[in-house]
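This chain uses plain numbering: 1 for the first residue, then up along the sequence.
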Amino acid sequence: MTFSLIDQHYLIDLDCQGYLYEHQETGAQVFYIKNDDPNKAFTIGFKTPPYSDNGICHIIEHSVLNGSVKYPSKEPFVELIKGSLNTFVNAMTFDDKTIYPVASTNEADFKNLISVYLDAVFEPNFRTDPQVLAQEGWHYHLESAEDNLIYKGVVFNEMKGALASAEVQLNRKINQALYPNTIYAFESGGTPAAIPSLTQEEFVDFHKKYYHPSNSLTMLYGDLNLEQTLDLLGEYFDRYEKQSEKVDLRIKLADQSVKEVVSDYSIAGKDDPQNKDYLSLAWHVSQAEDVIELATLEVLEQILLGNQEAPLKKALLDSGLVGDVIGGLDFSGYVQSFSVTGKYAKAENMPAFKELVYKVLSDLVIQKIDPELIEAALNRFDFFIKERAISESNPRGVIYAISSFQTWLYGQSPYSVFESSLLLEEIRQKAKEGYLEAFIQEKFLNNSHRVEVILNANPGKSDREEEEVFQKLQDYKASLTKDQIQELVANTQSLIERQASPDKPEDLLKIPTLTKEDLSTSVQETPLKRSSIAFGQSSYQVDLYTAGIDYLTYFWDLSDLDLDFYSDLSFLASLLTQLSTKNYSTSELRKQIDIYTGGISAGLRVYQDENGRPLPYFTLQAKGLKIYRQYLIDLMSEVMLTSVIEDKNQLLKVINQSISRFQMTINYQANALALNRALSQFHPVKKLQEAIAGIDYYNYLKNLKTQLEGKDWRKVIERLQDVYLQLLNKERFSYLFLGPASDQEDIEGQIEKSLQKIKSLELANTVNYPCGESLNEAFVTAQDVNYVALASKTPDSNDFTGADHVLANELNYGYLWNEVRVKGGAYGAGFQDNRFGQIGFYSYRDPNIERTLAIYKATPDYVANLNLSQEALLKDIIGTISQLEAPKSPIDRAYSALALALSGRDWEDLRQLKKEIINCQLEDLKSLYNSLNTSLKEARTVVIGNDPAIHASKDHFDVIRNLY
């Protein structure tokens, strides 16, 4: 074996052993967390320090997955997703590292994933094929000599969307000011202004220097064959010798005085900039090796900013200087900063903002931090550590790999991040002696290594910049000779030809895959026990291992309430735990929740019955250790039954926070917002979701804020009180308990006792909820890219079979991937279809609108002419099965079991679905043409995105609105 065991360590937080190996020839380290988790994980990471904003680290991350020596097809990555039983496949670029994680529960599949990824990172084809950089990074795009010259590239458009966020721009300004002349002053993802400076030579040289075993760290996790896995690594590592120059990401920072930065960010051209500035204070606070300091800062983040009653956040919100507060510890890499940022502010209020922040921090030092606040913060951290050990919905091995890099990447032990419980105990003891107060004094009050940033709202800035770039490109084109223009056209057409050309069958066959015999129709059943209860409708109990944590959810049936109630109900859900109650002030309630529980939150869930009709519920969900069960139930009752809705100012705080969160959602999940909006025109359940969390709800929040700030504000309070009272009815009540069956009787008795004073009134008739108005809509934001959705309903949802699932996989990773992402330059695109007849397309960070809509609408023709080999069809089948087998956390399994039961289905239905998927034939896919064609004739479009692009496509829309 070319690997030697150099250390082993018991990981106290995970209750398992960690082993550290070293490759003898290169010094590459491999960290293995050994346990019996069947969801095996592999992550290889490289230290990748950026030297400019050209995005080289990010574009290489994309490009290594575009074919390699051993697997020369254009995109083995996509073929893996299509035809693997993976539970996770991705690649990620951070500020100073790039990682390639995979996970699978199948041993053969796991080995295949590792094999493809290792060849991709060490032997990528982009070193000799400049068209990969052109596609994934950037290129001059000119399809004919008469066209306008534009930039195109997947990462180029991805970053246009990513950098549209004011929060991202603010963070860049902070890093540039705190860490000038270091790698952390650069945007590792790349900026659209700098990406077009990247050359093929730079690209290849960077890969040669940094993608070397000596510069790698590899994490293995779970119940895997260690010897075989190390042999796979050795196959590549053994080809190299140790690098003479070691990449050291640690930096020595010079003493620095306070810096002041004033900049701006773009809002939509017609948006009012009033009260939309950002005010921020940020400090350099620590380095990666100071693990006790980092744990302390996480505790202080919870104390200072963890909720609206946290002393610093509360003081800022109460002052009226800002409408929302964000911030906390930022793990940039080797260096860590801590920020306090006010949103919805005025630039002129920066002196007052700064003064108040320092006053609150000084008062905490002088008057001492409330011991209960400290205990609450420590408990939240401790609960997170305990729950992390049973979380499976995101593969634990991948999450642990990312965590280990926080120290391991900088020459420290990979173990320390899995010993947080020891650090917490040390903090708990030291806190009794004034440790946290002294820490605030040192890291904040006496720390001159800080920056003060004002980010002003600038209407239409991004549109003007886009126009400048466009004009520069046209000027550049005008400066070219005819031969040079023809060369650009030839290069563009050559790239298009490459993108349109199918892979050679022999190249596709080189990618390892499973066989149909590797697939199973077995289903991991979750035992859901339903019982009638005397004080409501039903109880549901799931008995799974939860490491001593109780998970409890109250459900309140809303099926008799009209659509008009739902936005009020959604806002009410956001209010609970943020209001005073009969026995507690708001701040005391937050402390009690944090001390005795792992969190309490309210929300709305809309399930569907067997016919797709909505089954809406108001929920209150909570979790806590079994030893604090009585506190958990008492606090749930306190919140649910005795919250006091009368403080206008508190309501306005919650509205501002909700608006802030929605606007951040626009920056990262606008595709989901657009798709739900389009689907809401055909499906009542989606219309309810619009009222609960979609664009309808966002408009409701803005109107509610205006009403509360007006003279008739008390009418809003009265309306919310009335909705609250209608909700509290025993006849609405059910609950779900995730925990030991032996505890069910105790739980039920305590719940019944806590709810005994609630009225019991017969519910009115179930409402038949309407769909949304049928419109093609566009919503303008301060984005330079678009999110394009098209949705409809299928003629007969009862015809849904496993073939529909397989077709979705083929469209997502075949047709749409090639047409919208590869050729169109969007960061992503997708298609969904389900048994409830909800059919829809979406794109993500897309430079196009009309082209993308045309691709969606041509899908039936693609299906009619589908010509898949048996090998290609098998990949689609395997990839589809994979989506049904991803491991879930206990609470996610419990909710999935409940959804299955409420929809009138059972585990046999899922087994049948898997049989249909496995037995799917090409003709089954092609037979879906008629349904798809009929559906798209009635489809509706919703676009969220760029103002000029939307208005250039205005003929596609019935209405165009500003979203902000």
Side-chain angles (χ1 to χ4, degrees), residues 12-13 15 298-299 302-303 306-307 309-310 370-391 420-425 427-429 431-432 539-555 576-603 619-643 735-756 889-891 894:
I12 187 170
D13 292 350
D15 189 25
E298 290 192 73
V299 171
Q302 178 65 27
I303 290 172
N307 55 68
E309 295 304 307
D370 180 350
E372 285 195 332
L373 271 181
I374 297 174
E375 186 59 32
L378 290 168
N379 178 73
R380 291 284 287 182
F381 200 165
D382 190 35
F383 194 92
F384 165 75
I385 294 168
K386 288 182 171 64
E387 192 173 35
R388 181 172 66 172
I390 61 168
S391 174
S420 298
S421 53
L422 299 178
L423 299 176
L424 279 186
E425 188 54 37
I427 294 170
R428 180 176 273 110
Q429 296 306 315
K432 299 173 184 177
S539 70
Y540 299 91
Q541 192 270 330
V542 174
D543 191 349
L544 297 173
Y545 174 72
T546 61
I549 298 173
D550 287 341
Y551 292 87
L552 190 58
T553 303
Y554 291 172
F555 290 85
L576 297 188
T577 74
Q578 310 251 39
L579 301 173
S580 60
T581 63
K582 178 181 178 182
N583 297 302
Y584 297 107
S585 67
T586 311
S587 58
E588 286 299 319
L589 178 66
R590 288 304 321 179
K591 282 189 287 189
Q592 293 294 307
I593 289 173
D594 288 345
I595 289 172
Y596 293 112
T597 81
I600 299 176
S601 61
T619 66
L620 187 73
Q621 56 193 75
K623 54 191 176 185
L625 297 176
K626 180 178 178 179
I627 57 173
Y628 294 135
R629 179 178 294 164
Q630 185 65 60
Y631 290 99
L632 182 76
I633 293 175
D634 287 348
L635 285 167
M636 290 181 74
S637 297
E638 183 78 18
V639 167
M640 191 72 222
L641 308 184
T642 74
S643 289
Y735 74 89
L736 169 68
F737 169 54
L738 169 60
S742 57
D743 292 351
Q744 171 73 4
E745 185 175 346
D746 176 58
I747 285 280
E748 188 154 315
Q750 291 191 47
I751 293 175
E752 182 175 11
K753 183 179 178 181
S754 71
L755 300 180
Q756 59 186 348
S889 67
I891 188 61

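Shortest non-hydrogen contact noted between A602 and L620 is CB-CD1, 3.9 Å. The nearest pair of heavy atoms linking L736 to A894 is CD2-CB, 4.3 Å. In terms of heavy atoms, I593 sits closest to G599 at CG2-CA, 4.3 Å. Residues F383 and L625 share a closest heavy-atom pair of CE1-N, 4.0 Å. Scanning both residues, L579 and S643, for their nearest heavy atoms gives CD1-CB, 4.3 Å. Considering all non-hydrogen atoms of both residues, G739 and Q541 come closest at O-NE2, 2.6 Å.
The backbone N or O of I385 lies less than 3.5 Å from no partner atom in the side chain of D13, so there is not a single donor-acceptor pair. With hydrogens and angles disregarded, a donor-acceptor distance shorter than 3.5 Å links the side chain of T619 to the backbone of G603. N379 contributes a side-chain N or O that, together with a main-chain N or O of T597, makes up a donor-acceptor pair within less than 3.5 Å. A side-chain donor-acceptor contact under 3.5 Å links T586 to the backbone of S580. Side chain of E638 to main chain of N583: a donor-acceptor pair is present (N/O by atom type, distance under 3.5 Å, no hydrogens or angles).
In this structure, Y628 and Y596 have perpendicular ring planes: the angle between them is above 60°, well past the 30° mark.
Residues R629 and D743 have side chains in contact (heavy-atom distance under 4.5 Å, counting atoms from C-beta outward). In this structure, the side chains of Q578 and L589 stay at 4.5 Å or more apart for every pair of heavy atoms. Within the 4.5 Å cutoff, the side chain of T553 has no heavy atoms near those of the L738 side chain. At least one side-chain heavy atom of Q592 sits less than 4.5 Å from a side-chain heavy atom of Y584. Residues I747 and I633 form a side-chain contact, since some pair of their non-hydrogen atoms from C-beta on lies under 4.5 Å apart. Side-chain contact check for D370 versus K591: some heavy-atom pair is nearer than 4.5 Å. Within the 4.5 Å cutoff, side-chain heavy atoms of I751 are placed close to those of Y554. Between V299 and L424, some side-chain heavy-atom pair lies under the 4.5 Å cut-off.
Atoms CD1 and CD, from I427 and E298 in turn, are 9.0 Å apart once rounded to the nearest 0.5 Å. Considering CD of Q756 and OG of S637, their distance stands at 10.0 Å, rounded to 0.5 Å. Considering NZ of K623 and CG of L632, their distance stands at 11.0 Å, rounded to 0.5 Å. Atoms CD1 and CG, on I627 and D550 in that order, are 10.5 Å from each other to the nearest 0.5 Å. Once rounded to the nearest 0.5 Å, the distance linking CG of L552 with CD of Q621 reads 10.0 Å. Interatomic distance, S754 OG to L635 CG, rounded to the nearest 0.5 Å: 11.0 Å.
Heavy-atom contacts from other residues, nucleotides or ligands closer than 6.0 Å to CD of E745 number 12 or fewer.
For the 3.5 Å distance criterion, the side chains of Y735 and E748 qualify, holding a donor opposite an acceptor.
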